[in-house]
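To start, the structure itself, in structure tokens.
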Protein chains: 2
Amino acid sequence: MIIGIVGLGLIGGSLGLDFRSQGHRVLGVSRKPETCERAVARGVADEASVSRSLLRQADVVFVCTPLGVMETTVDEILPYLSADAVLTDVGSVKGWVMQAIAPKWANFVGGHPMAGTAESGIEAAQRELFINCAYVLTPVATTPLSAVQRVEELARSLQSHVYICSPDEHDRAVAWISHLPVMVSASLITACVSEADQSVLELAKKLASSGFRDTSRVGGGNPELGVMMAKYNQEALLRSLYAYREQLDRAIDQIEQADWATLDHHLQATQHQRPSFMR
Amino acid sequence: MIIGIVGLGLIGGSLGLDFRSQGHRVLGVSRKPETCERAVARGVADEASVSRSLLRQADVVFVCTPLGVMETTVDEILPYLSADAVLTDVGSVKGWVMQAIAPKWANFVGGHPMAGTAESGIEAAQRELFINCAYVLTPVATTPLSAVQRVEELARSLQSHVYICSPDEHDRAVAWISHLPVMVSASLITACVSEADQSVLELAKKLASSGFRDTSRVGGGNPELGVMMAKYNQEALLRSLYAYREQLDRAIDQIEQADWATLDHHLQATQHQRPSFMR
């Protein structure tokens, strides 16, 4: 198969490495000539170019640019795609993507490979990044089954776990387990640094260990990603945030009322519930 | 030195292993005969007994029982201590401990070795648990300097980083970096499971990965510890929770208003601030 990849960062680059190792021919497109050079040197693509006309030969094209430029990227590449090419993306929000992109190209399949590292860019690309990760596909009523099957087959070839659901189900699910944790975790950091007593704040910084480190990790991550989640998944994220605030208020209330039995019941429940989220 | 340890769980047991390996004589006291047997068999103590009279010979006694029974434990052992014995504890809250225990014994030094594992009990005790961990001491105006120095010397011998501060500073600092994260993290779990649409909840459980895993970890931990933190550090924890709710409300407001510039500024700040909490 000939696979086009537009946007040669961590995700696009890692897809290229895996697809090439399976014997597919990979054509890479990036805005930056130096990224194209690195992509070929690192074995991410057989050929790479700043010219979108390279995609004319592609059977499947993965759009791996950030959500904020995805629509522009798609508009720019569409004139070069062969009529039966399958187009897919890797964006972390699907409702907005399906609304914006699906009307433009019949053979478009929304996708979300849920893999990542703390690093980004072509140098962070790695083989086997997607093994055992979830890979969500979000076809809509108009999406041809053959296009879904083609992307699904490629996703399975990465040894990902493929889930097929509606764009709305995807966005509500990731709001809970990916986007809400970022806001919860970032607010923890902001709250701590709001401590007005400098000696207490300095002591807190010295005493922080694994509990704080883990709870604050995603809140101290890439700000652009956090803003994109909020911007493109605003409705589902707000719904999750309101539910979270309600639960937080209950915990505060239990502590204010010294209702230790209810707090204990609550913490027993969370200890019991958490493992159901661990694959 | 002869060191008494009352309560032979993870912390008491680990202290015993390290002190014995340094050549001190360790006397262990537990309510359970089988724990005493295991303590000697595992090399946690040279001698162990359910009888508190074993502590008569001790120069320093570590009280390693849970906060909920600490006062009773101290009342029970005081009649057996030699007049110049130094008494210390390992409780995770210090204001309440200093109020409850310091008036009972002049040579009492509040302490908090900040180490732990997910396990508990004598079988979880391990050598070198305290290396590079913080060990906080919270003397008050009446605490003899000689007693502080004796405990400090032992804490340093574990290769811990010793910090000396007031009980109030300790409690406010741990509220931020240890107790608040538990409530923040537990509320995340409760909020997620409040999702009424079962297909979305099931999908969320399947898609949850490292971000959710890390942010929810301490909220899915030992419920007893969570309740103890709230009960004995109620005031400082509530203060932290109010500050947290304020920051959460600001994030919600930014997202409601689609104020992406301010949200970006906020997430840039947390990315920048988090490393100051990482030793």
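No hydrogens, no waters, no symmetry mates; every other heavy atom, side chains included, goes into these values. Lettering follows sequence order; numbering is per chain, from 1. As the structure is a prediction and not an experimental result, all values here were calculated from the model.
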Inset, instruction - Report yes if the side chains of B:Phe277 and A:Leu201 come closer than 4.5 Å at any heavy-atom pair, otherwise no. - result: yes
Legend entry - 4.5 Å side-chain heavy-atom contact, B:Gln234 and A:Trp260: yes
Inset, instruction - Check each of B:Val218, B:Ile177, B:Val174 against A:Phe212 using the side-chain contact (heavy atoms from CB on, under 4.5 Å) test, and report the only one that passes. - result: B:Ile177
Inset, instruction - Answer with side chain, backbone, both or neither: which region of A:Ile255 has an atom nearer than 4.5 Å to a non-hydrogen atom of chain B? - result: both
Inset, instruction - Can you tell which part of A:Tyr163 gets under 4.5 Å to a heavy atom of chain B, answering side chain, backbone, both or neither? - result: side chain
Inset, instruction - Verify the distance criterion only: is there a donor paired with an acceptor across the side chains of A:Ser194 and B:Gln247 at less than 3.5 Å? - result: no
Legend entry - Residue part contacting chain B, namely of A:His272, when any heavy atom lies under 4.5 Å: neither
Inset, instruction - Pick one of side chain, backbone, both or neither for A:Cys192, based on which atoms fall under 4.5 Å of a heavy atom in chain B. - result: both
Legend entry - Region of A:Glu256 that comes under 4.5 Å of a non-hydrogen atom in chain B: both
Inset, instruction - Carefully, step by step, assess A:Tyr244 and B:Thr190 under the rule side-chain contact (heavy atoms from CB on, under 4.5 Å). - result: CA-CA 8 Å; A:Tyr244 178 78; B:Thr190 335; over 6 Å; no
Inset, instruction - Measure distances from B:Ser276 to the heavy atoms of chain A and classify the residue's part below 4.5 Å as side chain, backbone, both or neither. - result: both
Inset, instruction - Kindly determine whether B:Leu241 and A:Leu248 satisfy side-chain contact (heavy atoms from CB on, under 4.5 Å), including the steps that lead there. - result: CA-CA 9 Å; B:Leu241 278 163; A:Leu248 183 76; 4.0 Å; yes
Legend entry - Most chain A-contacting option - heavy-atom pairs closer than 4.5 Å, from B:Ala134, B:Pro181, B:Ser210, B:Ala115: B:Pro181
Inset, instruction - Give a yes or no on this: more than 12 heavy atoms of other residues, nucleotides or ligands lie within 6.0 Å of atom CD of B:Glu123. - result: yes
Inset, instruction - With a 4.5 angstrom heavy-atom cut-off, could you sort out which part of A:Ala230 is near chain B: side chain, backbone, both or neither? - result: both
Inset, instruction - Name the region of A:Glu195, side chain, backbone, both or neither, that has any atom closer than 4.5 Å to a heavy atom of chain B. - result: both
Inset, instruction - Could you tell me whether the side chain of A:Asp249 reaches within less than 4.5 Å of the side chain of B:Arg245, counting heavy atoms only? - result: yes
Inset, instruction - Report yes if the side chains of B:Arg274 and A:Arg217 come closer than 4.5 Å at any heavy-atom pair, otherwise no. - result: yes
